Participant: 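My questions will all concern the structure given below.
What you are looking at is a predicted structure, and each value in this text was computed from that prediction instead of being measured. Side chains are part of it too, since the values below use all heavy atoms of this structure and drop only hydrogens, waters and symmetry mates. Labels below follow one simple rule: chain letters A, B, ... track the order of the sequence lines, proteins then strands, and each chain is numbered from 1.
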4 protein chains.
Amino acid sequence: MKKPGVKDRIIETASRLFYLNGYNQTGINQIIDEAGVAKASMYQHFRSKEEIAVSYLERRHRLWTDSLMKRISAVDAPQDKIMATFDYLEQWLKEVDYRGCGWQNIITDLPVDQTRIREQAVFHKNEVKEVIIDILQQAYTTEKATVLGKQLMVLMEGAIILSQIQKNPWPIQSAKEAGASLLEI
Amino acid sequence: MKKPGVKDRIIETASRLFYLNGYNQTGINQIIDEAGVAKASMYQHFRSKEEIAVSYLERRHRLWTDSLMKRISAVDAPQDKIMATFDYLEQWLKEVDYRGCGWQNIITDLPVDQTRIREQAVFHKNEVKEVIIDILQQAYTTEKATVLGKQLMVLMEGAIILSQIQKNPWPIQSAKEAGASLLEI
Amino acid sequence: MKKPGVKDRIIETASRLFYLNGYNQTGINQIIDEAGVAKASMYQHFRSKEEIAVSYLERRHRLWTDSLMKRISAVDAPQDKIMATFDYLEQWLKEVDYRGCGWQNIITDLPVDQTRIREQAVFHKNEVKEVIIDILQQAYTTEKATVLGKQLMVLMEGAIILSQIQKNPWPIQSAKEAGASLLEI
Amino acid sequence: MKKPGVKDRIIETASRLFYLNGYNQTGINQIIDEAGVAKASMYQHFRSKEEIAVSYLERRHRLWTDSLMKRISAVDAPQDKIMATFDYLEQWLKEVDYRGCGWQNIITDLPVDQTRIREQAVFHKNEVKEVIIDILQQAYTTEKATVLGKQLMVLMEGAIILSQIQKNPWPIQSAKEAGASLLEI
DNA sequence: CATGAATGAGTTTTCATTCAT
DNA sequence: CATGAATGAAAACTCATTCAT
C-alpha cells in the first residue's frame with residue numbers, strides 16, 4: 001500500500017482539472033502544483049500538454065465505458081439496455097453538474113496542431129456507437145441495428161451538449177423519449 | 001454606401017476568427033491587426049474580449065436564424081419545414097467544413113467568470129427551440145409540439161457536434177431520418 | 001533631451017550583454033531587467049531574441065566600421081591605412097580585454113534555425129573585406145588588390161580569434177608583421 | 001575486441017554532437033540517449049558537462065594532431081610540410097562542411113566559470129603553434145622560425161574561422177598563398 | 001474618437017544536476 | 001558500477017488590458 005506514483009498523480013489531477021475547468025483554462029503550473037510534482041518531473045513522463053490530454057482521454061474512455069457497461073449489464077433486453085444508457089447519462093450528468101462530455105469539450109476550441117486529441121475523440125465516439133449497435137443487434141438485423149444505432153448516438157450527443165448549455169436535464173429526458181419512439185417501445 | 005465603422009469591422013473580424021479558429025485560439029492582437037484598428041480604439045468600443053464575443057454571438061444569432069427562416073419559408077407544410085431545417089444544417093456544416101456550432105464551441109472551454117457568453121448560448125438555443133415548436137404548432141397541439149420540438153432540437157444539436165467530431169455528414173443524415181420517424185412521415 | 005526610448009535601451013543593453021557574456025549566456029530576462037523594460041514591451045519591438053541579435057549586429061556594424069574608418073582616415077598612404085587597421089585591432093581588442101569579434105562569437109554556437117544572424121556575419125565580413133580591397137586599389141591593380149585584400153582579411157580574422165583564445169596581443173602583432181611583409185613594406 | 005565502455009561511448013557521442021551541433025545546442029539528455037547510457041552512469045564518469053567537454057577536446061586534440069602529423073610526414077622539406085598543413089586544413093574543412101575549429105567554436109559563447117575548457121583551447125593552439133615552429137626550425141634559426149611560425153598560425157586560424165563564416169574555401173586558399181609569400185616560396 | 005507604447009502575469013517547455021535504490 | 005525518477009531554476013514567448021498623448 002504505497003502512495004500513487006508521480007505519473008498517476010499527474011493524470012488524475014489533470015483529468016479532474018481538464019474536465020471541470022477545461023483544457024485551455026488549465027495550465028501546466030496548476031496541474032503540477034495540485035499534483036505536488038516538479039515541472040521537470042512532469043515532462044519526464046509526458047512530452048507535452050497534449051500528451052497529458054491524450055492520457056486523460058484514454059483513462060476517461062476506460063472509466064466511462066466501464067461504468068456504462070456495468071450499468072447496462074444489469075438488464076437483459078436490448079431495449080432495456082438502451083433505456084438504461086439514457087438513465088446512465090442522466091445520472092452521470094447530474095452528478096457532474098452538467099459539465100458535459102470530456103471529448104466534446106476538448107475538441108471544440110483546440111490548437112490546430114493537436115491532432116492526437118482529435119483522434120481520441122473520434123475513437124471514443126466510434127467505440128460508443130459500436131456498443132450501441134452491438135446491443136441492437138440482439139434484437140434487429142445488422143442493417144437495422146446500424147441505422148438505429150446511429151440515430152440513438154446522435155440523440156445521446158445532443159442530450160449531452162444541450163443539457164450542458166441549459167444546465168438542465170430536460171434534453172436527456174427528451175432524448176430518452178425520442179429513443180423509445182424510435183425503438184417503438 | 002460607406003466603409004463599415006470601427007466597431008463593425010471588429011465584430012466582423014472577430015466573428016470570422018472566433019468561429020473558424022476558436023475563441024481561445026484567437027488573440028486580441030490578431031483581431032485588431034486583421035480589422036486594422038488600434039488596440040485602444042477596440043477597448044473604447046468593447047470593455048473586454050468577452051464583450052466582443054457577446055457581440056459576435058448576437059450578430060451570429062441574427063444571421064444564422066435569418067438564414068434558417070429564409071430556407072424554411074420556402075416550403076409550407078410543417079413537416080417539410082422541419083425536413084428543410086435538417087437540409088439547412090447539412091448544407092451549412094458542409095460549407096464550413098464541419099466546424100460545428102459557434103455557441104457550442106465557445107462555451108465548452110471558457111473561463112468560469114465569462115457568464116455573459118453562457119447566457120448568449122442559452123438564449124440562442126432557446127430561440128431555435130421556439131422556432132421549431134412554433135412550426136410544429138401548425139400541425140399539433142401545443143403540448144405535442146413542445147414534446148416533439150424538444151426531441152428534434154436534441155437531434156439537431158447531436159447532429160452538429162457529432163458531424164464536427166467525425167468531420168462527416170452522416171450524423172446529420174441520421175438525425176434527419178430519426179426526425180422523420182418521430183414526425184411519422 | 002529626453003531619456004532614450006525603450007527600443008534603444010533594449011538594443012544597447014543587449015549589445016553589451018551579447019558581446020561581453022555571449023548570446024547563449026544572455027537570457028531575455030537579463031536583458032529586460034537591466035534595460036528596465038517589461039517583457040511584453042520588448043516583444044512589441046522585437047519578434048524574437050534572434051531579431052534583437054540582428055539589431056545588435058547591425059548597430060555594431062555601424063559603430064565598428066565608423067571607428068575603423070575614422071582611424072584610417074587619419075593617414076593617407078594605402079599601406080599606412082592597412083597598418084593603421086592592425087593598430088586599430090590591437091587597441092580595440094585590448095580595451096575589450098580580448099573578448100574577440102561579435103560576429104565570430106555569435107555564429108560559432110548558434111541554433112541552426114537562426115539564419116538571419118548568419119547572414120549578418122557574412123555581410124559584415126564581406127563589407128570589411130571590401131574596405132580593405134578599396135584601400136589597396138589606391139596602390140595596386142584591382143586584381144592584385146583583391147588577392148592581397150583577402151590575405152590581409154584572413155590575417156585580421158586570425159589575429160582576432162587567436163588573441164581571444166590566448167588573451168594576449170601577440171597574434172595581432174604577428175598579423176601586422178605578416179601584413180607588412182605581404183605589402184613588401 | 002569488445003564494445004567500447006560507457007565512458008568512451010559518452011566521449012565519442014559528445015564529441016560528435018558538440019562539434020557538429022555546438023556545445024550549447026547539445027543537451028546532456030541527447031548525449032546519454034544517443035550514447036545509450038543512464039544519466040547517473042554518466043555523472044559517475046563525469047562531474048559535469050564541462051568535464052565531458054574537456055574530455056572531448058583532449059580526444060579531439062589527439063586525433064586532430066595525429067592526422068596532421070601523418071599528413072605532413074609524407075613530405076620532407078619544411079616548406080612542403082607547411083604547404084601540406086594548408087592542404088590538410090582545406091580537405092578537413094571541406095569534409096566537415098566548414099564547421100570550423102572545435103576549440104574556437106566552444107570558447108566563444110561559454111559560461112564564465114568554465115575555465116577548464118578555455119585552458120584546453122589555449123593548450124591546443126600552443127601545441128599546434130609549436131608543431132609549426134618545430135618544422136620551421138629545420139630551415140631557419142630558432143628566432144626566425146618563431147616569428148614565422150606565429151604568423152603562419154594566425155593565417156591558419158583566420159582561414160578556419162573565415163571559411164566557417166563564408167562557408168567557402170577561399171580563405172584557406174588565400175592563407176596558403178600568403179603563407180607561401182611569407183616563406184618566400 | 002483614435003492611437004501605439006507599455007505592462008504584469010501568465011504560458012509551455014528545457015536545462016544540468018542529484019538522489020534513492 | 002548502473003539506474004531512472006525527481007528536481008529547481010531558467011529558458012523564450014504570449015496574454016488581455018491600461019495609459020498617456
Participant: Without decimals, in angstroms, what is the distance between B/Phe18 CZ and F/dA16 C1'?
Facilitator: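 Answer to the nearest Å: 11 Å.
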Participant: Any side-chain N or O of A/Tyr43 below 4.0 angstrom from OP1/OP2 of E/dT13?
Facilitator: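 Affirmative; the distance criterion is met.
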Participant: Which heavy atom in C/Tyr19 sits nearest to a heavy atom in C/Arg99, and how many Å separate them?
Facilitator: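 Answer, listing the atom of C/Tyr19 first, then C/Arg99: O-NE, 3.1 Å.
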Participant: Provide, to the nearest angstrom, the distance between the CG atom belonging to B/Asp8 and the P atom belonging to E/dC1.
Facilitator: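 Nearest whole value for this atom pair: 13 Å.
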Participant: For A/Tyr23 and E/dT11, what is the distance between atoms OH and C1' respectively, to the nearest whole Å?
Facilitator: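 Atom-to-atom, A/Tyr23 to E/dT11, this comes out as 12 Å.
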Participant: In the structure shown, which nucleotide is the Watson-Crick or G-U wobble counterpart of F/dC1, with both distances under 3.5 Å?
Facilitator: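 F/dC1 is unpaired by these criteria.
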Participant: Which whole-number value in Å describes the distance from C/Ile32 CD1 to F/dA10 C1'?
Facilitator: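 It is 13 Å, rounded to the nearest whole Å.
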Participant: Provide the Watson-Crick or G-U wobble partner of F/dA6, both distances under 3.5 Å; none if there is no partner.
Facilitator: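 Partner of F/dA6: E/dT17.
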Participant: Within the distance-only criterion (no hydrogens, no angle test), does the side chain of D/Asp109 pair as donor or acceptor with the backbone N or O of C/Leu110 below 3.5 angstrom?
Facilitator: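 Answer holds: no.
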Participant: Taking any heavy-atom pair under 4.0 Å as a contact, classify A/Asn29: base, sugar-phosphate, or nothing.
Facilitator: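 Base contact.
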Participant: F/dA16 P sits how many Å from B/Asp33 CG, rounded?
Facilitator: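 Going from CG in B/Asp33 over to P in F/dA16 covers 12 Å.
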Participant: Could you tell me if the side chain of D/Asn105 sits less than 4.5 Å from the side chain of D/Gln164, heavy atoms only?
Facilitator: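 Answer yes - side chains close enough.
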Participant: Output the rounded distance in Å from NZ (A/Lys49) to P (E/dG10).
Facilitator: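 Taking atom P of E/dG10 as the reference, NZ of A/Lys49 is at 15 Å.
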Participant: Please tabulate, one pair per line, each protein N/O and nucleotide N/O from nucleotides 2-6 of chain E that are separated by under 3.5 Å, including the distance.
Facilitator:
residue: E/dA2; atom: OP2; partner: B/His45; partner atom: NE2; Å: 3.2
residue: E/dT3; atom: OP2; partner: B/Ser41; partner atom: OG; Å: 3.1
residue: E/dA6; atom: OP2; partner: C/His45; partner atom: NE2; Å: 2.9
residue: E/dA6; atom: N7; partner: C/Gln44; partner atom: OE1; Å: 2.7

Participant: For residues C/Ile165 and D/Val122, report the shortest heavy-atom separation together with the two atoms involved.
Facilitator: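 So the minimum-distance heavy-atom pair works out to O-CG2, 3.3 Å.
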Participant: I need the CD-P distance between B/Glu51 and F/dT18, as an integer number of Å.
Facilitator: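 Checked: the CD to P distance equals 12 Å.
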Participant: Using atom P of each nucleotide, how far apart are F/dT21 and E/dC1 to the nearest Å?
Facilitator: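 Roughly 22 Å separates the two P atoms.
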Participant: Taking the side chain as every heavy atom from C-beta outward, state whether A/Ile52 and A/Met42 have any atom pair closer than 4.5 Å.
Facilitator: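 A/Ile52 reaches A/Met42 side chain to side chain.
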Participant: Rounding to a whole Å, what distance do you find between A/Gln30:CD and E/dT13:P?
Facilitator: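 It is 16 Å, rounded to the nearest whole Å.
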Participant: Both A/Ile28 and D/Asn24 contact DNA chain E. Taking the nearest nucleotide for each, which residue is further toward the 5' end?
Facilitator: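 That would be A/Ile28.
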Participant: Write down the atom of D/Phe46, the atom of D/Glu51, and the distance for their closest heavy-atom approach.
Facilitator: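 The pair with the smallest heavy-atom distance is CA-OE2, 3.6 Å.
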Participant: Give the minimum heavy-atom separation between A/Glu50 and A/Thr115, together with the two atoms involved.
Facilitator: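 Looks like OE2-N, 3.2 Å.
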